[in-house]
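Heads up: the structure comes next, in structure tokens.
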Amino acid sequence: MGVKGIDHLGIAVENLEEAIPFYRDLLGLEFMGMEEVPEQKVRIAMFRVGESRVELLEPTSPDSPVAKALEKRGPGIHHVAYSVDDLEDRIAFLEEKGVRMIDSRPREGAGGSLIAFLHPSSSGGVLTEMCRRPGHEGGKGP
Ligand code: CO
């Protein structure tokens, strides 16, 4: 049981199309594509950064958690996602230790991943995600 690495950083943006060129053309990150994740009421754009990724998040609805974050804090870093192989065990371990989970069961994330968020009140104000990529060890991804 252990964290394999940082799977991705989630960054909240008002508008994907306006945000993408900075990451793709100025920072030179490899653009992997866009996807809608209805479960989280977001559209995302993914960039490869070595073995990690940057995930830009644009809300698709005013009641999206990302819309609320934008309202409160404006655009910027939204969450940190760690890659794990044993998501269910990890959730059970954290709950046993008294950590408050937003997701006490894995749910669907981008790219067929399974994810679970910890509540920021239990993680020092940093919205923290545990992420398991499909068919790959520790979220190294395709
Ligand atoms: Co994420």
Partner of L94 under side chain to side chain contact (heavy atoms under 4.5 Å, CB included), picked from R90, E96, K97, is R90

Contacts satisfying side-chain hydrogen bond (donor to acceptor under 3.5 Å, both in side chains) that involve residues 57-68 (not counting sequence neighbours) are K41-D63, R43-E58, S61-D63

Minimum heavy-atom separation for [X] to [Y], with atom names?
{"X": "G112", "Y": "P134", "answer": "O-CG, 3.5 Å"}
{"X": "L16", "Y": "L57", "answer": "CD2-N, 4.5 Å"}
{"X": "G98", "Y": "S122", "answer": "O-OG, 4.4 Å"}
{"X": "I91", "Y": "R105", "answer": "CD1-C, 4.1 Å"}
{"X": "I115", "Y": "L87", "answer": "N-CD2, 3.8 Å"}
{"X": "L70", "Y": "A12", "answer": "CD2-CB, 3.9 Å"}

Passes side chain to side chain contact (heavy atoms under 4.5 Å, CB included), I102 versus L118? Steps please. CA-CA 5 Å; I102 292 175; L118 283 65; over 6 Å; no

Are more than 12 heavy atoms from other residues, nucleotides or ligands located less than 6.0 Å from atom CD of E88? no

Name the atoms and distances for all side-chain donor-acceptor pairs under 3.5 Å in residues 71-82, with sequence neighbours left out.
residue	atom	partner	partner atom	Å
H79	NE2	H8	NE2	3.3
H79	NE2	E55	OE1	3.1
H79	NE2	E129	OE1	2.8

Sequence neighbours excluded and cut-off under 3.5 Å, please list the side-chain donor-acceptor pairs for residues 21-28, or say none.
none

How many angstroms lie between [atom1] in [X] and [atom2] in [Y], if you round to the nearest 0.5 Å?
{"X": "S83", "Y": "R133", "atom1": "OG", "atom2": "CZ", "result": "8.5 Å"}
{"X": "L114", "Y": "C131", "atom1": "CG", "atom2": "SG", "result": "8.5 Å"}
{"X": "M130", "Y": "D89", "atom1": "CE", "atom2": "CG", "result": "13.0 Å"}

Contacts satisfying salt bridge (charged side-chain N to carboxylate O under 4.0 Å, His left out) that involve residues 106-128 (not counting sequence neighbours) are D103-R107

Let me check something: do L127 and L56 share a hydrophobic cluster, defined by ILVMFWY side-chain heavy atoms less than 4.5 Å apart, either directly or through other members? no

Test your reading of the model: is there a side-chain donor-acceptor pair from S123 to the backbone of H119, 3.5 Å cut-off? yes

Side-chain heavy-atom pair M32, R53 within 4.5 angstrom cut-off: yes

Evaluate F117 against T128 for side chain to side chain contact (heavy atoms under 4.5 Å, CB included), listing each step before the verdict. CA-CA 6 Å; F117 279 99; T128 300; over 6 Å; no

For E35, all residues meeting side-chain contact (heavy atoms from CB on, under 4.5 Å), sequence neighbours excluded: V37, I44, A110

Could you pull out all residues at least two apart from S104 that satisfy side-chain contact (heavy atoms from CB on, under 4.5 Å)? E95

I20/F47 under side chain to side chain contact (heavy atoms under 4.5 Å, CB included): CA gap, chis, key distance, verdict: CA-CA 9 Å; I20 285 169; F47 298 86; 4.1 Å; yes

